[in-house]
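Here is the structure we will look at, set down as structure tokens.
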Amino acid sequence: MKELTKTYAPKEFEDRIYATWCEKGYFTPDPASKAPTFSIVIPPPNVTGQLHMGHALDDTLQDILVRYKRMQGFNTLWVPGTDHAGIATQIKVEEQLRVNEGITRYDLGREKFLERVWDWKRQYGSRIISQLKKLGTSCDWTRERFTMDEGCSRAVKEVFVSLYEKGLIYRGNRIINWCPHCKTALSDAEVEYEEQAGHFWHIRYPIKGEDGYVEIATTRPETMFGDTAVAVNPEDEKTRHLIGKTLILPLVGREIPVIADDYVEIGFGTGCVKITPAHDPNDFLVGQRHGLEQIKVMNDDATMNRFAGKYEGMDRYACRKALIADLEAEGYLLSTEPHSHNVGTCYRCGTTVEPLTSDQWFVKMGPMIEPSLDAVRSGAIRFIPERFTRNYTVWMENLHDWCISRQLWWGHRIPAFYCDECGELTVTKEESAVCPKCGKPMRQESDVLDTWFSSALWPFSVMGWPDETEDLKKYYPTSTLVTGYDIISFWVSRMIFSGLEHTGKAPFSTVLIHGLVRDAQGRKMSKSLGNGIDPLEMIDKYGADALRFALATGNAPGNDMRFSDEKIEAARNFANKLWNASRFVLMNLTDDDMDLTLPRAEEMAAEDKWIVSRFNRLTRSVCENLNNYEIGVALSEIYDFTWDTFCDWYIELAKSRLYDKESEGASVARRTLLWCLTGILKLLHPYMPFITEEIFTALPHEGESIMISFYPDYDEHLLFAREEEEMERVISTIRAVRNRRAEMNVPPSRKANLIVITPYPETFRRATPFFEKLASAETLTVVDSYDGEGAVKIVTDSATVAIPMGDLVDLEKERARMEAERAKVLAEIDRIERKLANEGFVSKAPAAVVEGERAKLEKYRLTLSQLETALANL
RNA sequence: GGAGGCAUAGCUCAGUUGGUAGAGCACUUGCUUCACAUGCAAGGGGUCACAGGUUCGAGUCCUGUUGUCUCCACCA
């Protein structure tokens, strides 16, 4: 028989086991399977990224579900892959070019630059995949995908053309978020707001032909060059007289009208708002309503353009500073007050975004909103925890059109073509098209699509859509999507409306949301703080199983969790415990113990039936919790059972029979041990795949791997209520004896004779070896009555145990202790009696609860009478 | 401005349809018990933020208050 090393050493086997699983093809579902399917698509990590704790958590949860379902016999598929991550990847490669070669992408040109990015992708693209493998993820690697591979590109074109033809994609000049550093448009979702200290500058706008002026407050004076009106609310008495007047823009001298628009809030500020349609989303709308001219005053890099006059070429902030100084010098600056406000920043580079008007491509969201809300309302898609439904609904309801074009090079190039000859715009899936109108060659749109445009199609593009493939038929819609709450708006909602629009089906039925992994102090892990914990380092130090355990335990769905050395150490210790318990079982087994079935009920001792019955209950509870996505609760149940019930009690109880190796009892104990241990390994396998596999294959076992064995199932034939009760009596009495001995500082080496008075004489006679081994008993004698003086009396709800230890006993102390105990029991009896006397309780509480209280009362009464007898005998 | 989370043992957190509270770590005491000191045994420690309400019964459901975190919106 195989032997296990003395301590748990995950490095010795994790890689080997993973390689074996891959070789055997266990991760690939059987195409012939008729079983119900369970499918998941991985949230694709950035192709050039590295595994961080967020991934580790996300993918651990998915692997737990996938392995659980696979062991339950589902036809299970987990599709892996990576995302091209437009901006993120392009920034990285540009940075590398700058550092290594001192050049920009423009020096290389589009084609050469893209070659470089593909090189980069080839070089680093497999890194995160191999890191995922280290974690133990059971993805079907034969189906690995990339958001810019041929299939995904085809799906993207198909969707783009289809939406365009339906009128759901349009090109327009509208106000968008512009990142001056990335030099691209961003969607609303890609803008992060942060509170920044700023100022309100109050500026005087003179009224034409009058002496008066209008006071304007602004946080962004440099946009003044783009002002094309000043607005007041038509209902505002204080400003109504200004409507229709003409103002003169300070320093610029341009004339702008005062217009009336109820966008201006009465009572806020000066009641007069400068309107800059080209640089503010609200002003843009006001401008549209009033037909105002849009004057863009900045270049793509946020330097000022010719409309800024002498400030042309200055950076927007430099311009602001100079402008304020000039306004002050000319007497236009009325006052300055500090003002803190939210500033939009680019989610990739952190640069303050500039709202500006620009020609971009948009997805018209209107018609897709209602079906997306319906899918959730009807229950076709369920969020877990449920509260994220609201998060999703609110976002969906307030959705604006989605700006999908990016002025980047890395990404899906928009399949639109311009004919410079006749001005025709053609949107087509075809390459290098010729103008359908004039036959001249066309020029393809240079913009690429938002990364999230292709991610949104992921659940069906990876299945082969738009073709009616076998995978699509079998595995789409997918079952569960597992992701963090931080990308519900970026990704989850876009997959939902895309799935509904293009396949007519919601892409998944359940969305399991998890929180963020924070550091031990509760801070968000970030590069700039340098507080990130590297999952690979953790795997190296503690093993992948310990990492997975630490991530799966101790937190409820949707809540953030803290990660600490403490936590993963506890997980590693648990692995070590399981390892050593297995060593114990293994070293006791003999060559005859290849029978993997449980001994027959008649053969089993009370303790065997007890552990089997408890395991059976555990199985039921674990499955219930896993089915409800209570992944952490299920794990802690397995943990408690393994450590407390199996190791601390059952193994110890079994030892007394194992000594006599040849005996029938030893054989039964060995088979029960093996059966239970194997069951624990199976229950635990989804969480800790490596250690359970290593032990499983070391033990006598059926089948070549635990990962393709069947998950334990509740079996009513394995419920032994009577033996459970019997063993609980024994255990609680052993505990009580230990407790008294510890209180009295009796060393374990000092054995004692136990005299037991009990209504369950047989139980205690049979349990004699347990008291000898676990309660330092020399002998155990069951008697009808005992009045020995100078004995310590231990009273439980099933027995009075007397220990004659004359010299050690202080009679007065004993009396006091027992009186105290009596008082406690009396209080309990009183409490329960009052409860049972309460008619409301008896008539309204469930029968089982009332029955439970009655049983408790019974026990307390027994304890009380025993205590009183003992006191009388003292 | 709107929405939501959290508030339970010294610390970090569980607590699944309401039935007087649990774990890990830390702490105290005792153990070289032949699987494990990454261990074994015993123990101390909580008016479940506060105030009301529903109920026979509330950590759990409802309302409000306070503290704290997050998301969304963006009134210049």
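By convention in this document, chain letters (A, B, ...) are assigned in the order of the sequence lines, proteins followed by strands, and residues within each chain are numbered from 1. Both backbone and side-chain heavy atoms feed into the values below; hydrogens, waters and symmetry mates do not.
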Mind checking if Ala231(A) touches a base, just sugar-phosphate, or nothing, with heavy atoms under 4.0 Å? nothing
Atom C1', compared across C36(B) and C50(B): separation rounded to whole Å: 47 Å
Looking only at G39(B), C34(B), C75(B), the nucleotide nearest the Trp643(A) side chain is G39(B)
Quick one: sort the Phe646(A) and Tyr650(A) rings into parallel, tilted or perpendicular, breaks at 30° and 60°. parallel
Grab the CG-C1' distance between Asp640(A) and G22(B) for me, whole Å please. 9 Å
Among C74(B), C36(B), C40(B), find the nucleotide with the atom closest to the side chain of Asp648(A). C40(B)
Taking CZ from Arg387(A) and P from C72(B), how many angstroms apart are they, rounded to a whole number? 16 Å
Side-chain N,O (Lys577(A)) to OP1/OP2 (C40(B)) below 4.0 Å: yes
A quick test of your reading: do over 12 heavy atoms of other residues, nucleotides or ligands sit less than 6.0 Å from NZ of Lys824(A)? no
Whether Lys655(A) contacts A35(B) is assessed here as follows: a side-chain N or O lying under 4.0 Å from the phosphate OP1 or OP2. Is that the case? yes
Whole-Å distance separating the NZ atom of Lys567(A) from the C1' atom of C11(B): 12 Å
For the pair Asp227(A) (side chain) and Ala229(A) (backbone), establish whether a donor and an acceptor sit closer than 3.5 Å, ignoring hydrogens and angles. no
Side chain Asp560(A), main chain Leu516(A), donor-acceptor under 3.5 Å: yes
Met587(A) near the nucleic acid: base, sugar-phosphate alone, or nothing, with a heavy-atom cut-off under 4.0 Å? sugar-phosphate
Between Asn739(A) and G43(B), is there a contact of a side-chain N or O with OP1 or OP2 at under 4.0 Å? yes
On RNA chain B, nearest-nucleotide positions of Pro846(A) versus Tyr639(A): which is more 5'? Pro846(A)
Taking any heavy-atom pair under 4.0 Å as a contact, classify Asn559(A): base, sugar-phosphate, or nothing. sugar-phosphate
On the nucleotide C36(B), are OP1 or OP2 found under 4.0 Å from the side-chain N or O atoms that Lys6(A) carries? yes
Send over the distance from Asn573(A) CG to C36(B) P, rounded to a whole Å. 15 Å
Read 5' to 3' with Watson-Crick or G-U pairs under 3.5 Å, [ ] for crossing pairs and | for partners on another strand, RNA chain B gives (((((((..((((.....[..)))).(((((.......))))).....(((((..]....))))))))))))....
Which part of the nucleic acid, if any, lies within contact of Val849(A), taking any heavy atom under 4.0 Å across all strands shown: a base, the sugar-phosphate backbone alone, or nothing? base
Ordered by number, residues from residues 627-635 of chain A within less than 4.0 Å of RNA chain B (heavy atoms) are none
Report all side-chain donor-acceptor pairs from residues 388-396 of chain A shorter than 3.5 Å, counting only partners two or more places apart or in another chain.
unit_1    : atom_1 : unit_2    : atom_2 : d
Thr389(A) : OG1    : Glu386(A) : O      : 2.6
Tyr392(A) : OH     : Ser372(A) : O      : 2.8
Thr393(A) : OG1    : Thr389(A) : O      : 2.6

Glu652(A) (side chain) and A41(B) (base): donor-acceptor pair under 3.5 Å: no
Treating Thr510(A) as the side-chain partner and Arg382(A) as the backbone partner, does any N or O pair qualify as donor plus acceptor under 3.5 Å? no
Please work out if Val842(A) contacts a base, only the sugar-phosphate, or nothing of the nucleic acid, heavy-atom cut-off 4.0 Å. nothing
Would you mind reading off the distance between Ile651(A) atom CD1 and C40(B) atom C1', rounded to a whole angstrom? 13 Å
Between Tyr213(A) and Arg204(A), is there a cation-pi geometry (under 6.0 Å to ring centre, at most 45° from the normal)? yes
Does the separation of the ring centres of Phe549(A) and Tyr687(A) fall below 6.0 angstrom? no
Between Tyr347(A) and Phe490(A), does a ring pair (Phe, Tyr, Trp, His ring centres under 6.0 Å) hold up when you go through it step by step? CA-CA 12 Å; Tyr347(A) 82 136; Phe490(A) 276 115; 5.3 Å; yes
Say we look at C25(B) and G67(B): how far apart would their C1' atoms be, to the nearest angstrom? 26 Å
Ring-plane angle category for Trp579(A) and Phe13(A), please: parallel below 30°, perpendicular beyond 60°, tilted otherwise. parallel
What nucleotide among C25(B), G19(B), A35(B) has an atom nearest to a side-chain atom of Lys835(A)? G19(B)
Sugar-phosphate only, base, or nothing, as touched by Tyr659(A) at under 4.0 Å among non-hydrogen atoms: base
For atom CG of Leu774(A) and atom C1' of A42(B), their distance in whole Å: 14 Å
If you check the Arg738(A) side chain, which of G30(B), A41(B), A35(B) turns out closest? A41(B)
When you look at NZ of Lys859(A), are more than 12 heavy atoms from neighbouring residues, nucleotides or ligands closer to it than 6.0 Å? no
Could you tell me whether the side chain of Arg562(A) has a donor or acceptor atom within less than 3.5 Å of a complementary atom in the base of U12(B)? no
Minimum-distance nucleotide to Cys647(A) side chain [options: G30(B), G24(B), A35(B)]: A35(B)
Polar side-chain atom of Asp283(A) near backbone of Thr276(A) as donor-acceptor pair, under 3.5 Å: yes
Touch class at under 4.0 angstrom, heavy-atom based, for Ala845(A) against every strand present: base
What distance, rounded to whole Å, do you find between the two C1' atoms, one in U32(B) and one in A26(B)? 25 Å
Taking the P atom in each of G45(B) and G57(B), what is the distance between them to the nearest angstrom? 29 Å
Note: for Val273(A) and Glu743(A) on RNA chain B, the residue whose nearest nucleotide lies more 5' is Glu743(A)
Under 3.5 Å, is there an N or O donor on one side and an acceptor on the other linking the side chain of Asn342(A) and the base of C74(B)? yes
Among the candidates U70(B), A14(B), A76(B), find the nucleotide nearest to the side-chain atoms of Asn555(A). A14(B)
Pairwise P distance for G46(B) and G22(B), with rounding to whole Å: 14 Å
Sub-3.5 Å donor-acceptor pair from the side chain of Ser493(A) to the main-chain atoms of Ile488(A), do we have one? yes
For the C1' atoms, the ones on C48(B) and on G30(B), what distance do you get once it is rounded to whole angstrom? 33 Å
Quantified in whole Å, what is the P atom distance between nucleotide U38(B) and nucleotide U12(B)? 26 Å
Glu828(A) CD to G19(B) P: how many Å, rounded? 17 Å
Euclidean distance for P, G18(B) against A37(B) (whole angstrom): 45 Å
Whole-Å distance, Met396(A) CE to G2(B) P, equals 25 Å
